[in-house]
There are 2 protein chains.
Amino acid sequence: MAAYIAAMDTVDKKITALLAEDARRSLADIGEAVGLSPSAVNERIRRLNASGAIKRFTVDADHAALGLGVTAFVLVGLDYDAGEEAFKAFAAAHPSVAECHHVTGGWSYLLKVRLADLGGVERFLGELKAQHFLARSETMIALSTAVERCFTPAEV
Amino acid sequence: MAAYIAAMDTVDKKITALLAEDARRSLADIGEAVGLSPSAVNERIRRLNASGAIKRFTVDADHAALGLGVTAFVLVGLDYDAGEEAFKAFAAAHPSVAECHHVTGGWSYLLKVRLADLGGVERFLGELKAQHFLARSETMIALSTAVERCFTPAEV
DNA sequence: AGTGAAATTACATTTGT
DNA sequence: ACAAATGTAATTTCACT
């Protein structure tokens, strides 16, 4: 499922880190930082984009301002009768699901969801139950978030 | 700590969603989608940016290509002698920490970390132990990730 | 706040090494 | 694969509504 994407060299990692910090930086600025001409930087970004190493250009939004004030994590003990693929398809299609990881340990999946309020969390769990995905589950509400970065820098 | 950011109106949410999908869209394209002129869209984006509703323009990178092949979640039972603020500062300063949430339930914090390999995970846990942050902990390794979105759309 | 036009800047392409 | 130069398209600013 996950495509194998060629590992980046040091310059690519630097460019990616600079773009992660501020994707509106000009090619000239980036070029100066990594010691390349703007057109060379442009070509590298084009390739990083085409290969999938850079998935997309996006914005980091404040979800509270969007009306999604609650972040919750749901540890899922999957009812395998319902079907693992069906569960993954459900998660991928559900707009409230920010993340869905298959994890080691006593639980099958870890979901991260964003909802307007606690009522939304309850309704979301109701959906999971209605589809018989849950053998058991445990929900953790994020009281506050100290760190939330889309991008984690690679060691150089 | 968390600043209160004015809630967005419908047009702002639409613009933000469009930018989250592709931040390189032209102001003309966005304007057409929401029924505004390019300069009006520009002004709204400028305000969203200034208010913090849009935190930053960034790229969604493939962390495996960056050399960070392992994602792990660490449930932390905090040793409160070590200091909660010190722990949060540690998490914020640590490059491998992608997320740090204060959560409800039997655990104090949930960390999401990205590392090169399982050895990196072990070393990271070693750092937490060395600083005496852990009363107890439980680590879940992400075997695979079905969904991972930085942006979750608001209901319209 | 939004519009539309003018000014500015950056991007994308081509060519050459 | 990179650099330089040129054409094109974007953004930004401003006067006005």
Side-chain angles (χ1 to χ4, degrees), chain A residues 3-67 150-151 153-154 156, chain B residues 3-62 64-67 150-151 153-156:
Chain A
Y4 294 100
I5 297 167
M8 301 183 199
D9 67 16
T10 307
V11 174
D12 284 340
K13 286 181 187 174
K14 249 186 178 171
I15 291 173
T16 306
L18 288 166
L19 288 175
E21 218 177 81
D22 177 9
R24 283 185 146 182
R25 275 203 173 89
S26 73
L27 299 174
D29 281 358
I30 298 168
E32 198 169 344
V34 301
L36 285 177
S37 72
S39 63
V41 173
N42 188 45
E43 177 60 16
R44 276 180 179 259
I45 292 174
R46 197 195 59 72
R47 273 203 307 275
L48 288 167
N49 221 340
S51 73
I54 290 178
K55 295 184 210 165
R56 58 180 181 171
F57 285 73
T58 184
V59 290
D60 203 350
D62 184 288
H63 285 84
L66 277 165
C150 292
F151 177 82
V156 186
Chain B
Y4 294 99
I5 296 166
M8 300 184 198
D9 67 15
T10 307
V11 174
D12 283 341
K13 285 181 187 173
K14 251 186 177 172
I15 291 173
T16 307
L18 288 166
L19 287 174
E21 218 178 79
D22 178 9
R24 283 183 147 182
R25 275 202 173 87
S26 72
L27 300 175
D29 281 358
I30 297 168
E32 198 169 343
V34 301
L36 284 176
S37 70
S39 59
V41 174
N42 188 45
E43 177 59 16
R44 275 182 180 258
I45 293 174
R46 196 197 58 72
R47 274 204 306 274
L48 287 168
N49 221 343
S51 73
I54 290 177
K55 295 185 212 165
R56 58 180 181 168
F57 284 74
T58 184
V59 290
D60 203 350
D62 185 287
L66 276 165
C150 292
F151 176 81
E155 285 138 61
V156 185

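Side chains included, hydrogens not; waters and symmetry mates left out as well; all remaining heavy atoms used.
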Legend entry - Member of B/N49, B/T16, B/D9 meeting the side chain to side chain donor-acceptor pair (under 3.5 Å) criterion with B/R44: B/D9
Inset, instruction - Whole angstrom is fine here: how far is it from CD1 in A/I30 over to C1' in D/dC2? - result: 16 Å
Legend entry - Interatomic distance where CG belongs to B/L27 and C1' belongs to D/dT13 [whole Å]: 13 Å
Inset, instruction - May I ask you to evaluate whether B/R25 reaches the phosphate of D/dA10, defined as a side-chain N or O under 4.0 Å from OP1 or OP2? - result: no
Legend entry - Proximity to the side chain of B/S37 - top-ranked nucleotide from D/dT12, C/dG2, D/dA3: C/dG2
Inset, instruction - Output yes when at least one side-chain N/O atom of B/R24 is less than 4.0 Å from OP1 or OP2 of C/dC11, else no. - result: no
Legend entry - From CA spacing to verdict: side-chain contact (heavy atoms from CB on, under 4.5 Å), A/D22, B/T58: CA-CA 5 Å; A/D22 177 9; B/T58 184; over 6 Å; no
Inset, instruction - Using only heavy-atom distances, decide whether a donor-acceptor pair under 3.5 angstrom links the side-chain of B/S39 to the base of C/dG4. - result: yes
Inset, instruction - Classify the nucleic acid contact of B/S26 as base, sugar-phosphate or nothing, counting any heavy atom under 4.0 Å across all strands shown. - result: sugar-phosphate
Inset, instruction - State whether A/N42 places a side-chain N or O below 4.0 Å from either non-bridging phosphate oxygen (OP1 or OP2) of C/dA12. - result: yes
Inset, instruction - Grab the CG-P distance between B/N49 and D/dT11 for me, whole Å please. - result: 14 Å
Inset, instruction - Nearest whole angstrom, please: distance from the P of D/dA1 to the CG of A/D12. - result: 10 Å
Inset, instruction - Check the distance between D/dT11's P and B/L19's CG and give it to me in whole angstrom. - result: 10 Å
Inset, instruction - Would you kindly give the CG-to-P distance between B/L36 and C/dG4, to the nearest whole Å? - result: 11 Å
Legend entry - Minimum side-chain heavy-atom gap B/D60-A/F151 below 4.5 Å: no
Inset, instruction - Specify the separation, in whole Å, of atom CD of A/E43 and atom P of C/dC11. - result: 15 Å
Legend entry - Candidates C/dC11, D/dA4, C/dG2 - which lies nearest the side chain of B/R47: C/dG2
Legend entry - Exam field: side chain B/R25 to backbone B/L18, donor-acceptor pair closer than 3.5 Å: yes
Inset, instruction - Return the value, rounded to whole Å, for the distance between atom CD1 of A/I45 and atom P of C/dT13. - result: 14 Å
Inset, instruction - For residues B/A61 and A/K55, report the shortest heavy-atom separation together with the two atoms involved. - result: O-CE, 3.7 Å
